Amino acid sequence: MTKLAYPLSIFFFLIILHSDSFPANLDMQIATIFEDYHKQGHWLPLRIAIDNNGENLAGDISVTVYNNTNNKQTYTTPISILGNSGGEKYLYIRPDEIGHNINVRLTDRNDKILLEKEAHFNVIPEESKLIAIVDQNKSLDVDNAIRQTDPSKKVYIANIIAEKLPDKWKGYDSVDAVILGSFSPDSMSEDQRQALSDWVCAGGILIISGGSDSQNLLWSFIEPILPVKIKGTKVIQSIPSIANRFGYELPNEQIIMTVSELVGDSKIIIAEDNLPIISERRLCTGKIVFISYDYADPIFRSWNGNGDLWGLIIGSTQKRIIPKYESIFKLLSANGRLSLPSYKIVGLFLLLYILCMSIIGYVFFEKRKSNVWIVSIFITVLFIIGAFGFNYVTGERSSIVSDFSIVNVNQNNQRARIRSFFSPFSSGKTELKMMFNNADAVFVENPTSEDGGTYLGSGFKLVQEDIPQIIADNTKSLRTHLFYGELFTDLKGNVLIKESNNKHIEVFNNLPFEITDCYLFWNGSYAKIGTVSPNNQSTFSLNQTFSGNVFDNYSVENEGMSKFINLVKPLLPDNTDKILVGWADGSALEKLAGIDGNYKSSGMALVIISWN
């Protein structure tokens with residue numbers, strides 16, 4: 001017995017030591033927001049609540065993900081909580097490995113683990129539909145009706161209240177459509193409102209319910225993007241137009257309808273006596289659908305046409321498109337440009353060269369004239385190398401970021417969606433650290449190498465805070481890798497269009513950069529307008545016609561630009577009735593996303609400005 005006493009005492013001591021290593025005054029709750037549903041390879045939103053019954057806490061919440069080759073990616077966000085209080089933070093991760101669990105850590109600023117918990121999520125098929133219903137009054141009847149839209153039963157419903165929605169647009173990455181039912185727009189934070197709008201602009205489908213609660217939408221962030229202008233409400237007897245559309249009689253009961261009129265380029269899907277019943281409008285590459293009645297009204301409870309009706313409302317959802325990383329990387333490598341030093345640097349080195357040559361000539365060459373040419377050539381070469389290398393190898397700005405980007409701008413707001421393919425190279429640093437001062441979030445897909453493999457470095461980290469950061473260790477081989485990042489940012493300007501008679505269009509560029517190789521496509525006609533300078537207004541004539549996709553009619557002489565358009569054409573918008581296409585010279589990451597000053601950058605940006 002005594003032989004077992006010592007090992008058992010050590011065993012129980014270690015258990016007690018481990019249990020004491022996590023403070024008893026801290027607790028952490030983790031929610032995956034959309035009822036744990038997740039599509040593999042998409043972003044997964046986590047809502048993490050910390051309850052602190054001790055002293056003030058300053059630390060980080062992080063999740064580390066390992067891929068099949070055991071390389072790791074870390075997602076982290078800082079958190080500060082006062083003593084005897086609580087706090088919540090969102091964290092967005094991409095759990096690419098096979099599995100349904102992740103470990104979430106809370107650490108202090110010295111990386112000491114304070115708490116560690118496991119979160120579970122359910123992986124659903126990529127081809128399935130995930131519908132999020134935002135409603136204070138959950139309705140099982142509506143859930144069943146929406147599921148009828150797909151006979152294969154690959155429709156998943158996530159019920160959520162508005163206060164729990166993501167605060168970044170990528171939090172909706174697995175979601176195909178969001179239905180706003182009975183909710184208060186004021187219950188959402190400014191970040192949550194912006195996230196929902198950005199997600200729609202990136203291709204999401206937002207369905208908004210009317211009826212007796214439609215007055216709550218007035219003066220809210222929803223009102224400006226509605227396809228209709230709300231005038232009031234009225235009671236009608238059933239909705240014969242819906243019954244006739246789908247061939248199933250609706251109960252002859254009264255229903256409260258929103259009285260409205262169409263706005264802008266919106267269109268009516270179903271109308272009743274010139275009253276819009278279901279209407280929609282495009283917003284960038286997404287769409288907004290307005291239902292003039294309460295989507296959960298009892299009149300539809302056992303109606304046989306529910307599946308067909310919701311199939312019409314939701315429509316077809318966008319399929320996930322994987323960019324051709326390898327081909328784009330080769331294009332980026334072939335079109336990389338040397339970032340030359342500034343005139344001040346060159347002038348300083350020329351001045352030093354002249355002074356140096358004068359001193360050497362006076363001191364050493366008075367009696368050694370035969371060596372003048374040899375030494376002169378040596379000094380000249382030395383200073384030329386120094387002029388182009390000093391500022392990059394030994395200086396602070398010793399890294400280069402080269403990128404090709406797609407910049408989507410919608411005329412209705414000043415938000416720009418930037419999708420950037422970039423290849424960072426550091427000649428003197430072992431760690432890449434990029435900060436984005438003007439972007440509220442940066443989401444980077446798995447870095448890809450020239451041969452299509454994943455990033456071979458020891459670690460890759462996304463820091464999600466007010467000034468988001470990308471951090472990569474072991475950058476020796478980073479030059480042979482491609483990153484693909486997405487973000488939204490405010491441009492603080494736009495391109496304004498005024499349509500006049502006889503197919504003449506006035507274009508005013510209020511953006512802070514020049515757009516070259518511009519084409520303006522407008523309702524089946526187009527004009528090649530060349531360069532649009534900042535703060536400049538010009539008038540153009542739409543003298544040519546086109547059909548089909550505008551990018552099949554857009555041409556540019558630069559071979560690299562032309563190849564890039566062909567490679568990313570599946571990523572470009574197809575609802576292009578009114579659109580301006582052109583190029584901005586320089587890095588979109590630097591000009592628009594506010595990349596910090598520790599990097600030189602070069603690149604080109606395909607600028608797409610749409611009016612819809």
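The model shown is predicted, which means the values in this text are computed figures rather than measured ones. Residue numbers count from 1 along this sequence.
Counting only heavy atoms from C-beta outward, the side chains of Trp169 and Arg417 approach each other to under 4.5 Å. Two residues are said to be in side-chain contact when any heavy atoms from C-beta on lie closer than 4.5 Å; Gln464 and Tyr92 meet this criterion. With a 4.5 Å cut-off on side-chain heavy atoms, Ile131 and Trp310 do not count as touching. Side-chain contact between Leu165 and Val134 is present, with at least one heavy-atom pair separated by less than 4.5 Å. Here the side chains of Phe521 and Tyr554 are in contact, with some heavy-atom distance below 4.5 Å. With contacts defined as side-chain heavy-atom distances shorter than 4.5 Å, the pair Trp522/Ile497 qualifies. The shortest distance between side-chain heavy atoms of Leu487 and Phe443 does not fall below 4.5 Å. Contact check for His504 versus Phe540: no side-chain heavy atoms found under the 4.5 Å cut-off.
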Tell me, with the steps shown, if Asp173 and Lys168 meet salt bridge (Lys or Arg N to Asp or Glu O under 4.0 Å). CA-CA 10 Å; Asp173 200 29; Lys168 301 298 180 188; over 6 Å; no

Would Tyr484 and Phe421 satisfy ring-ring contact (aromatic ring centres under 6.0 Å, His included), going step by step from the backbone distance to the final call? CA-CA 5 Å; Tyr484 172 58; Phe421 303 86; 4.7 Å; yes

From CA spacing to verdict: side-chain contact (heavy atoms from CB on, under 4.5 Å), Ile278, Ile268: CA-CA 6 Å; Ile278 300 175; Ile268 294 177; over 6 Å; no

ring-ring contact (aromatic ring centres under 6.0 Å, His included) between Phe121 and Tyr37, intermediate numbers included: CA-CA 6 Å; Phe121 56 90; Tyr37 292 129; over 10 Å; no

Evaluation steps, side-chain contact (heavy atoms from CB on, under 4.5 Å), between Phe34 and Leu44: CA-CA 9 Å; Phe34 296 112; Leu44 175 67; over 6 Å; no

Salt bridge (Lys or Arg N to Asp or Glu O under 4.0 Å) between Arg47 and Asp167: does it pass, once the steps are laid out? CA-CA 10 Å; Arg47 197 169 192 266; Asp167 68 345; over 6 Å; no

Please assess Tyr295 against Asp135 for the test side-chain contact (heavy atoms from CB on, under 4.5 Å), listing each intermediate value before the final yes or no. CA-CA 11 Å; Tyr295 80 111; Asp135 199 323; 2.4 Å; yes

Leu592 vs Leu491, test: side-chain contact (heavy atoms from CB on, under 4.5 Å). Steps then yes/no. CA-CA 7 Å; Leu592 306 181; Leu491 286 186; 3.6 Å; yes

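The backbone N or O of Lys170 sits nowhere less than 3.5 Å from a side-chain atom of Glu486 that would complete a donor-acceptor pair. Under the 3.5 Å distance criterion, the side-chain polar atoms of Ser187 are matched with a main-chain donor or acceptor of Ser184. Of the possible polar contacts, one joining the Asn306 side chain to the Phe300 backbone as a donor-acceptor pair under 3.5 Å is found. A donor-acceptor pair under 3.5 Å is formed between the side chain of Ser128 and the backbone N or O of Pro125. Side chain of Ser197 to main chain of Arg193: a donor-acceptor pair is present (N/O by atom type, distance under 3.5 Å, no hydrogens or angles). Side-chain atoms of Ser266 never come within 3.5 Å of backbone atoms of Arg281 as a donor-acceptor pair (strictly under, hydrogens ignored). A donor-acceptor pair under 3.5 Å is formed between the side chain of Gln192 and the backbone N or O of Ser189. A donor-acceptor pair is defined here as one N or O able to donate and one able to accept, closer than 3.5 Å; no such pair exists between the side chain of Ser533 and the backbone of Asn536. Judged by distance alone, the side chain of Ser610 and the main-chain N or O of Cys284 form no donor-acceptor pair under 3.5 Å. At least one donor-acceptor pair closer than 3.5 Å links the side chain of Asn509 to the backbone N or O of Leu511.
When the shell of 6.0 Å around CG of Asn543 is examined, it contains more than 12 heavy atoms from other residues, nucleotides or ligands. Within 6.0 Å of the CG atom in Asp466, the count of heavy atoms belonging to other residues, nucleotides or ligands does not exceed 12. With a 6.0 Å radius and a threshold of 12 heavy atoms from other residues, nucleotides or ligands, Gln537 has its CD atom above the threshold. Counted within 6.0 Å of NZ on Lys528, heavy atoms from surrounding residues, nucleotides or ligands total 12 or fewer; the atom is thus considered open.
Applying the salt bridge (charged side-chain N to carboxylate O under 4.0 Å, His left out) test to Glu272 and every residue at least two apart in sequence or in another chain returns nothing. Applying the salt bridge (charged side-chain N to carboxylate O under 4.0 Å, His left out) criterion to Lys154, with sequence neighbours excluded, gives Glu127.
For the 3.5 Å distance criterion, the side chains of Ser405 and Asp403 qualify, holding a donor opposite an acceptor. Asn494 and Asn410 share no donor-acceptor pair across their side chains, judged by distance under 3.5 Å alone.
Here Asp490 pairs with Arg415 in a salt bridge; the nearest charged N to carboxylate O distance falls below 4.0 Å.
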Under 3.5 Å, which donor-acceptor pairs link side chains of residues 252-260 to any protein atom two or more places apart or in another chain?
residue	atom	partner	partner atom	Å
Thr258	OG1	Gly211	N	2.9
Thr258	OG1	Ser214	OG	3.1
Thr258	OG1	Ser292	O	3.2

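When all heavy atoms of Gly181 and Ser209 are compared, the closest pair comes out as CA-CB, 4.1 Å. Across His38 and Ser174, no two heavy atoms sit closer than the pair ND1-OG, 3.7 Å.
A distance of 7.0 Å separates CD1 of Ile291 from CG of Leu309, quoted to the nearest 0.5 Å.
Between Tyr519 and Tyr526, the ring planes lie parallel to each other; the angle is under 30°, not in the 30° to 60° tilted range.
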